[in-house]
Amino acid sequence: VSPERTPRARPAALAALGALAGAALALAACSNDDPAKPISLGRPSPAPTTAPTTTPPLVSAKGRVNFKGGRRYADDLARGLAVPRAELCRELSSFDCVDEVHNITLGGVDPYDAAIYRPSRERSVSTVNAVDRIALTACDGRAKRDFGDPDRAAIFGELARTAAAPTRAALVATANHLYAGLLGRDPNADEIDALVTFYGDLAAELGPSAAPARFATLSCYAVATSEEALFY
Amino acid sequence: VPGTNRRNPSRTRDTARPHAARRPLARATGAGPSGAGRAGRAQADFFFFLAEAIPVFFRRKALFVGAAALLSAGAASARPLAPGVFCQTYPDAPACAGGAVDCSTCHAGPPAFNPFGRQVADHLAPGAPRPLDDEAFRAALATALRAVERLDADGDGAENTTEIGRGSLPGDAASKPAAGAAGKYDDAYAHSKVLVDFCGRSATRDERAAFAAASDRKAALHDALGRCLRGEYWRGKNGAVWNLANPKIRPLSSLKGGEGAGPIPLADYDDDYALFVYTQIDDHDARDLLLARYYVARHDGEVTTYEPFERSALEDYAVRPGDGTSQTVDAGERAGMITTHWFRMINTMLTPMPRTTAAQAYRAYLGLDIALLQGLYPVPGEPRDYDNKGVGAPECAGCHATLDPLSYPFSRYEGIDTYDQGFPDVPSHYQPDRLARFVATDGPGIAETPERGFIFGQPVENLIEWARVAADSDEFAQALVLDYWQLVFGEPPRPDETPEYTNLWSRLKDAHAYSVDRMLHDLVATEAYGVP
């Protein structure tokens, strides 16, 4: 990931990530029910007092959650974003992020040269950095493809095919594409609202011309680095 | 201490190796017919090999020294017999489900006791003269264990007997009995897991919807598993099954022969991986890990396929000529993974008494690590110390009374030998008189080493019998299932899951005729797998 790709709206992205993992921002639902109407910018306020629209998560009896590992995670990302696996993420444009550079830290093995026969049970401090780079690179690559050739867009067509500010319907469609591709399901109402709110925050910060492309990368990143995408 | 010549302590096993055995190494340095152009790289790689091999050698040596020191220092406290006595006293304890209880049950790090170990020690034949002989120790330990059952050694609120019965550590307050998971099998959850575990990918939205709509979800779940088990992620090169073999094969690219050969091509571990995967798929008998007299060719493609073949050593050399490319033991002396060219080369190497080889076979295929005092079945009168290494000393004999007779059946199989034995002129690397050539370095006793040995305390005439006893044992089935359990769960069975684990390996032996595929269909139907 080159420096210029580093998202400026990092706090907002993390807020969105937190919203997807928890319930706090899920309550910050957009009250705009007209899918054709451009959404308002900025965080809606005050926070709604109605009950969340999603069913509370079930409590696990086993509490057994495993990291997918680099290989499976990358395959899921590549398929979910319709990016060729070999082009998903390459450090220095040359070395595959998962199979070569971050293999061990992502739970891989290297039996032939390094005598690492089994995946480490513990994740290292650099695992999160590796996941971060892979997800951000993959999402940025998808966004660039879609905004570069909107007619053949796979995920972000509704954002890329218009110069106008995206409608709520376009944002909902984007959320649907992301959740279907990366998590294999539809987003619920809270998750849609969290992304719509996030777009509002981003547009307020970056302006309406820069926000759609940046939103594409960061909304994808938020979903791709959710617990649901990383663990099973 | 193994590796030291007692008559001449300055000579270790490596420096004392036979002259002929040095030839492949001389060739590797460029002195042989490899050619000057290759010499520099080969020499550099050889030193790299030494840099890798020497620390391994000394680590192993240090392990033996360390074990000996511990046993010596704690002769009355850390006894090799103790894990076995514990499991004889509590055969249903979850800690014994894998075959042997862990040292941490009684020790904070042998020979130091944890609180439970101290309680037991306090009740161990108090007042009786020390040291206790083995029989007195067995009886006293069983009595002491019973005596402290109702106590709470670690003060965590659970009696020792409760912790033993439910699989937590009675000497560790941080380890408490599990309450037991309550939950309901969720087939949609299991279906999603099956795709990740066995297909290597998450379910798509369409797949989830189709599963939810299936009229027979149980059948749909097993259909999905069946498809995954036929897929490349599961059975391909560097796939899930392939990688299970890594710690058993212990490959090293610099010594590889055949495709992608390293600079010192001594043997080709691709054969080992192919045989391993073949035994684990398509309802093949998994015991062929130790019983196969055939080898397996791998055919790469969209989905990798495997094809067994049977050739004598000479026939195989004719088909696959070159350095370290073929198998060098005839079918009659083959015992699956533990007689492959690679396994013998990387474990036996240049040693006359292949203790490392036997220990690795025991660890890799039976889950028993002698260095951790597991699987000890001392044979009366052993160790005889045929190679004059001093293993009869009391501090060594505790393990070597099992390890040495376990090793004898391996002693007729050559390790690093392709060049010095003149293969293919010498048609097989199973040599009944192999040990005679080590007399000059290991003393006359080495030639008296019998091929007859013992496994699980049971006599066996040769390695073929050794492998048969091993393959039919509970330990083999337990270790096999444990590999897959840990692959999908990332951890050993929890105490409340022990009955399901036991059922899996029991049915693998009986109902499933050692088919891993069928065992896996059982596994995904367990509550351990399907309860979120």
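The chains referred to below are lettered A, B, ... by the order of the sequence lines, with proteins before strands, and numbering in each begins at 1.
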>> Given 3.5 Å as the limit, does a donor-acceptor pair link the side chain of A/Ser126 with the main chain of A/Asn129, or not?
In response: no
> Does a side chain donor of either B/Tyr233 or A/Asp75 reach within less than 3.5 Å of an acceptor in the other side chain?
Replying inline: no
> Is a side-chain N or O of B/Tyr269 found less than 3.5 angstrom from the main chain of B/Leu255, in a donor-acceptor match?
Replying inline: no
> Does a donor on one side chain and an acceptor on the other come within less than 3.5 Å for B/Glu207 and B/His191?
Replying inline: no
> Does A/Arg71 reach the main-chain N or O of A/Lys68 with its side chain, forming a donor-acceptor pair under 3.5 Å?
Replying inline: no
> Is chain A contacted by the side chain of B/Arg208, its backbone, both, or neither, given a heavy-atom distance below 4.5 Å?
Replying inline: side chain
> Side chain, backbone, both or neither: which part of B/Tyr189 has a non-hydrogen atom closer than 4.5 Å to chain A?
Replying inline: side chain
> If contact means a heavy atom pair closer than 4.5 Å, which residues of residues 76-88 of chain A contact chain B?
Replying inline: A/Asp76, A/Arg79
> Can you find a side-chain donor-acceptor pair between B/Thr356 and B/Asn347 that sits under 3.5 Å?
Replying inline: no
>> With a 4.5 angstrom heavy-atom cut-off, is it the side chain or the backbone of B/Tyr273 that approaches chain A, or both, or neither?
In response: side chain
> Can you say whether B/Asp206 sits under 4.5 Å from chain A via the side chain, the backbone, both, or neither, judging by heavy atoms?
Replying inline: neither
>> Taking side chain as everything from C-beta outward and backbone as N, CA, C, O, which of these in B/Gln486 sits under 4.5 Å from a heavy atom of chain A? Side chain, backbone, both or neither.
In response: side chain
> Given the options A/Gly184, A/Pro119, A/Ala180, which has more heavy-atom pairs under 4.5 Å with chain B than any of the others?
Replying inline: A/Gly184
> Given a strict heavy-atom distance threshold of 4.5 Å, which part of A/Arg64 is in contact with chain B: side chain, backbone, both, or neither?
Replying inline: both
> Is it the case that A/Thr217 and A/Asp140 place a side-chain donor and acceptor less than 3.5 Å from each other?
Replying inline: yes
> Does any N or O in the side chain of A/Glu100 come within less than 3.5 Å of the main-chain N or O of A/Asp96, such that one atom is a donor and the other an acceptor?
Replying inline: yes
> Is a side-chain N or O of B/Glu500 found less than 3.5 angstrom from the main chain of B/Glu497, in a donor-acceptor match?
Replying inline: no
